[in-house]
Amino acid sequence: MEANIKKRIEQLTSILNKANYEYYVLDSPTITDQEYDDYYAELVRLEKDYPALKRDDSPTMRVGGEAVSKFEKVRHQKPMLSFDDVFSEEEIVAFDDRIKKVIDNPTYVVEPKMDGLSGSLIYENGLLVRAATRGNGIEGENITMNAKTIKSVPLKLTENISIEVRGEIYMSKSSFIKVNQERKEKNENLFANPRNAAAGSIRQLDSKITARRGLDFMAYSIPNAKDYGIKKQSEVLEFLRKLGFVTNYKWNVVARNVNEIMEAIDRLSSFRESLPYEIDGVVLKVDDIDMEEQIGYTVRVPKWGIAYKFPAKEVLTNLKEIKFTVGRTGKITPNAIFSPVHVSGSLVSKATLHNEDYCLAKDIRIGDTISIRKAGDVIPEVVRVLKERRTGQERRFEMISNCPICHTKIVRNPLEADYYCPNKQCPARKIENIIHFASREAMNIDGMGEAVIEDLYNEGFITSILDIYNIENYQDELANLEGYGSKKINNLQLAIEKSKKNSLEKLLFGLGIRNVGAKMAKILASHFKNIDSLRKATYEELIDLPDVGNIIAQSVIAYFKEEENIRIINGLKEIGVNMDYINDLKIVNNKEFEGKTFVLTGTLTSVTREKASALIESLGGKVSSSVSAKTSCVIVGSDPGSKYEKAKELNIPIWNEEEFLAKISDE
Ligand code: IVH
């Protein structure tokens, strides 16, 4: 029996890995998605029932596994170097001249330069045993678990050989857009570009997160190519492809001179935009591997190759002004205000200049010609100051000494690069505080965006978060304001009223306690349950919580020490703002669930298993882990386990996910 199961697991693993290879590498699948899903479900089921028989190359690994606390350092078998960058044809000519001094008639390969981060994969007898980042080139980090989640990383090669393969871990343009879209919805910081997104995703301690980011791997080198009988770079990709790797073989060009190199570069740069991933240039390598060795290395880089970088998508404009803004915490930020220019599809006229040190390092002056680009096609940034274009009329950057809004003297903590306005009553800080309080992740007051808050502040109706809840006192005045119809005012009042019922974590985040983000607010709220217990919490109690470090614990203590903060909290309490943690699920008895025992099996797509269990319990039901005659109903998701079979055997009612959702939807 066991031998049969083992055989079947082997068979399914191999069918699925082959299907993966056909889909990702050959671009020609031979089984349908449905067949793939069915085999996959069968494998999941068998592996669940016989965990000891799960294979190291099982495609079910791709969903990620246990989180780790840190990455182990690993030493590369051969240093992982990178090439020197060049930016012009002249530099390519100079490179060619240097090569020709060592060898006659060199030929080169020109490959797209993938914009990600390099990774090393080690296979033993055809199985992936280790994946590592480049790190400092000598030592990298062991990211095996994470690399296994990347669908274009073969878990098993088509041949049982031992080999190290290197390539680029990257995020496609479509995954990047999707990931940022999700982050935007959650009010999380956006990744500036696909490279940063790939780097951030591959270094997740929880490989399940990496799995969701949709990374890819493009193989391009074999450090010991000669051991496999490979004589030329141009053969490497074909060899890799046969082993099961995705490569860029289609865009590889063998060039015999600088003219042919430049032609290849022009061609690649002309369809750069249409590629599904970002490339930032081309990599140029001497084709003959024996010759590479002859040409050798400097102390830092190989001399047999270079990376030519495309000119960045930059636009020139004129710096008109440096405008200082004040954030919620009082942080002062200099911003470049320039003549509006179109960059990567939109019109931009300002970009952050971060802080004083940044401006001084760039020596940016008002009147300068500056070049702007959009980092990752999202956030505008000043790339360069074109000092050669100066006329002498430019004005040097000068840090302000007083807050641009309330004129209080600003201060700089010697350990930080930022200046702060220390005046808690500074109107700019107050407006930013109100904006933050009303924002979606905080109190979520619909209709109270930046523009409305600025209007209400300027009219003097709302000058602190407490005033939000007294807005009805200004009914008549509001009605007289341009753009404030009765419907808008009414909706605003309803949203304000609704916000009083929010659970504690939204309030905590909204109060703007330093270093307490939305996630931390939830941790604190679910632990302390109400604001008074949190207020009384000692440093030791705080620091004992998961993810609470010294800085957060101190920030929380400091926040509750300030009289003004206590005044606001008491004011909100009086107004009727909820100060308790509301576990969003309260028990409501429902006849479909009340007194019944449920078993969940398989993966539910719209709710997590924990949430589904909590929902059942909140409706008066019980959740059990095994099916027996006492089970009232089995809820079946995708890839169900043996519990599903058992339920059928025992004739127990079965609901699929849709039916389950329909029964709970009323609640
Ligand atoms: S070969 C000695 N081939 O660009 C380095 N690198 O300096 C040999 N890259 O950091 C690398 N696409 O991460 C090679 N087709 C390609 C590449 C490529 C992107 C990256 C690599 C390296 C940098 C080159």
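Both ligands and their constituent atoms are indexed starting at 1 by order of listing.
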Trainee: Quick one: table the atom pairs, ligand 1 N or O against protein N or O, below 3.5 Å, distance rounded to 0.1 Å.
Mentor:
from     : atom 1 : to   : atom 2 : distance (Å)
ligand 1 : 3 (N)  : K285 : NZ     : 3.1
ligand 1 : 7 (O)  : F83  : N      : 2.6
ligand 1 : 12 (N) : M114 : N      : 3.0
ligand 1 : 13 (O) : E168 : OE1    : 2.7
ligand 1 : 13 (O) : E168 : OE2    : 3.4
ligand 1 : 13 (O) : Y220 : OH     : 3.1
ligand 1 : 15 (N) : E111 : OE1    : 2.7
ligand 1 : 15 (N) : P112 : O      : 3.4

Trainee: Under a 3.5 Å threshold, yes or no: a donor from one side chain and an acceptor from the other, between N355 and K331?
Mentor: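 The criterion, which ignores hydrogens and geometry beyond distance, is not satisfied for K331 and N355.
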Trainee: Restricting to pairs with a member in residues 253-269, which pass side-chain hydrogen bond (donor to acceptor under 3.5 Å, both in side chains), not counting sequence neighbours?
Mentor: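 Applying side-chain hydrogen bond (donor to acceptor under 3.5 Å, both in side chains) to every pair that reaches into residues 253-269, excluding sequence neighbours, yields R256-E260.
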Trainee: Decide whether E91 and S88 meet the rule of one side-chain donor and one side-chain acceptor closer than 3.5 Å.
Mentor: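 Per modelled atom types, E91 and S88 side chains form a pair under 3.5 Å.
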Trainee: Restricting to side chain to side chain donor-acceptor pair (under 3.5 Å), what partner residues turn up for D280, sequence neighbours left out?
Mentor: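 K113.
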Trainee: Side chains of Y220 and E168: donor-acceptor distance under 3.5 Å anywhere?
Mentor: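 Distance-only check passes for Y220 and E168.
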Trainee: Keeping to residues at least two apart or across chains, list the ring-ring contact (aromatic ring centres under 6.0 Å, His included) pairs with something in residues 250-271.
Mentor: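 For residues 250-271: W251-F271.
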